[in-house]
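Here is the structure we will look at.
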Amino acid sequence: MITLLKNCLHWGCDAAANHSLKRKILHANITALITILTMLLFAGINSMIGNPALIESNLLAIPFYFTAAAVPWLNRRGHFTRASWLLSLSLPVSIAVMTWAVYGSRFGLHYYFILFAMLSVTFFPLRQWLSILAVFTLNAALFLYCEFAGVSANPALQHVDDALAGLMRLSFAGSVMFSIFILVWVGEFAADRNERELESLSGTDALTRLPNRRRLHQRLVENIAISKRTGQYGAVLFIDLDNFKPLNDRHGHGAGDLLLQEAAQRIIDCVREVDVVARYGGDEFVVILGHLGHESEHARSNAHQTAEKVRELLGKPYELAIHVKDAGHKRVEHSCTSSIGVALFAGAAASEEHILKCADAAMYRAKGSGRNAIRFHHGIHA
């Protein structure tokens, strides 16, 4: 049931062009749900009181159940602007009908106009500021008229004593505050989630889902700090695929993308969960190894073991299912070895840029020695 409700509230969000519009759609759907639940709540209260005017208000509210339910329906079909206008107009109209036909100004129902004026900015993108201004002005004008000019209540409500009238005013005010709280909370929650998602995407390579170069530098700085604190060595493996370009030239970039994704997974399979695997760019990957021990020879041995596992696994043939236009998929086998440069580091003896530069230089030495090899850089000291 909860999953179904959550899916309904997100109707239309998947078709939104940006995170801001997603938040507007979510706000509109939640407001529609709150409207229906609030009308049902007060319909039950009115029925229990049994006053003829209150019963009449229940009947007058029936059309607005359908308008509220139509909002997520319109959003689901991509009619975001229509849904926003339907909600923005049906809400004040429903309260205006109840105010002029039943409640008047005595029960404080017109304070909903203040809520709707505040919500105007949540239903429309900021670029539609004229729509926001129009909805705000309409609701502000209705509130000011009811508050200062006054609207007479239905004569049947004269039989409602002051204690019950005060309780009803309190109920209306409470529902207004509750609506504001829910919508503000949802807006902040959605904004925080979007911010975290954008932050994650900004540090992630779109193809392999590995950390990108920007995130790699951050993680390397963190590992240098850990090395300084613990006194243990770390290492950077700079990996370049040796035979990647011919695959792109022969079968297109789609084939190259498949190989890069497979290569990324193979590298991940060779390292520990605490280690970092990142795509540096093109057909280059970088691995950060931490906690390799306090002795340089022991750290070198550990780093070499991992580099050798990576070299061996990357050197195995790749079976790629390549999409061919008008011919479905065809399987292509491709061999692609790797050249790996390794740079050990300890503490803050060098910056992250220098460590990467040393590992890169070692990788080029591996390429120069005939490829499919591992070379260490020896210029970084604790």
Side-chain angles (χ1 to χ4, degrees), residues 1-17 20-48 54-103 109-125 128 131-132 134-136 138-139 142 171-172 174-187 189-190:
M1 182 65 181
I2 295 177
T3 302
L4 177 62
L5 178 61
K6 183 179 178 181
N7 291 337
C8 291
L9 291 178
H10 284 83
W11 276 357
C13 291
D14 55 345
S20 177
L21 185 55
K22 283 183 181 179
R23 193 161 64 249
K24 304 295 181 186
I25 294 171
L26 183 61
H27 269 137
N29 289 342
I30 291 176
T31 302
L33 176 64
I34 291 175
T35 299
I36 293 173
L37 294 178
T38 302
M39 289 192 297
L40 287 172
L41 172 65
F42 285 111
I45 294 174
N46 292 343
S47 299
M48 291 175 59
L54 298 179
I55 299 298
E56 179 186 352
S57 72
N58 290 348
L59 298 175
L60 292 172
I62 290 176
F64 300 105
Y65 287 97
F66 295 99
T67 58
V71 170
W73 183 84
L74 287 171
N75 279 328
R76 188 180 189 183
R77 282 152 181 77
H79 304 303
F80 311 134
T81 302
R82 293 181 187 178
S84 298
W85 272 111
L86 177 63
L87 188 62
S88 299
L89 294 178
S90 63
L91 291 177
V93 168
S94 65
I95 297 301
V97 168
M98 301 300 172
T99 299
W100 264 266
V102 180
Y103 293 98
L109 184 65
H110 60 288
Y111 276 87
Y112 269 100
F113 292 130
I114 294 293
L115 171 63
F116 302 152
M118 294 173 59
L119 292 181
S120 60
V121 74
T122 68
F123 295 153
F124 297 94
Q128 298 181 14
S131 299
I132 297 173
V135 173
F136 179 87
L138 171 65
N139 285 281
L142 287 169
S171 299
F172 288 142
S175 64
V176 169
M177 295 302 297
F178 175 78
S179 300
I180 293 175
F181 170 78
I182 290 295
L183 292 170
V184 169
W185 181 81
V186 167
F189 177 81

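- Around the CZ atom of R82, the shell of radius 6.0 Å holds no more than 12 heavy atoms that belong to other residues, nucleotides or ligands.
- Across P72 and W11, no two heavy atoms sit closer than the pair O-CE3, 3.6 Å.
- Contact of the M98 side chain with the L60 side chain is registered, since non-hydrogen atoms from C-beta on lie closer than 4.5 Å.
- In this structure, L91 and T31 have side chains that are in contact, with non-hydrogen atoms separated by less than 4.5 Å.
- The aromatic rings of Y103 and F172 stand perpendicular to each other, their planes meeting at an angle above 60°, with 30° marking the opposite boundary.
- In this structure, the separation between CG on N29 and CG on L87 is 9.0 Å, given to the nearest 0.5 Å.
- The closest donor-acceptor contact from the side chain of S88 to the backbone of W85 lies at 3.5 Å or more, if one exists at all.
- To the nearest 0.5 Å, the span separating CE on M177 from OH on Y111 amounts to 12.5 Å.
- Across all non-hydrogen atoms, the minimal contact from N46 to S57 is ND2-OG, 3.2 Å.
- Distance CZ/F124 to NE2/H27: 14.0 Å, rounded to 0.5 Å.
- Across all their heavy atoms, F123 and S84 have their closest contact at O-OG, 2.9 Å.
- At distances below 3.5 Å, at least one donor-acceptor pair connects side-chain atoms of N58 with backbone N or O atoms of A43.
- With rounding to the nearest 0.5 angstrom, the CG atom of L33 is 9.0 Å from the OG1 atom of T38.
- For S175 and Y112, the side-chain atoms include at least one donor-acceptor pair closer than 3.5 Å.
- Other residues, nucleotides and ligands contribute only 12 or fewer heavy atoms inside 6.0 Å of the CZ atom of F136.
- Side-chain contact annotation: N139 with S120, donor-acceptor N/O pair under 3.5 Å absent.
- The shortest side-chain heavy-atom distance between F116 and I95 falls under the 4.5 Å cut-off.
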Audit row: F80, L21, side-chain contact (heavy atoms from CB on, under 4.5 Å) steps and yes/no: CA-CA 9 Å; F80 311 134; L21 185 55; 3.8 Å; yes
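- Of all heavy-atom pairs spanning K24 and V121, the tightest one is NZ-O, 2.8 Å.
- A distance of 4.5 Å separates OG1 of T99 from CG of L109, quoted to the nearest 0.5 Å.
- For the atom pair I132 CD1 and Q128 CD, the distance stands at 7.5 Å (nearest 0.5 Å).
- In this structure the side chain of V176 never reaches within 4.5 angstrom of the side chain of I114, judged on heavy atoms.
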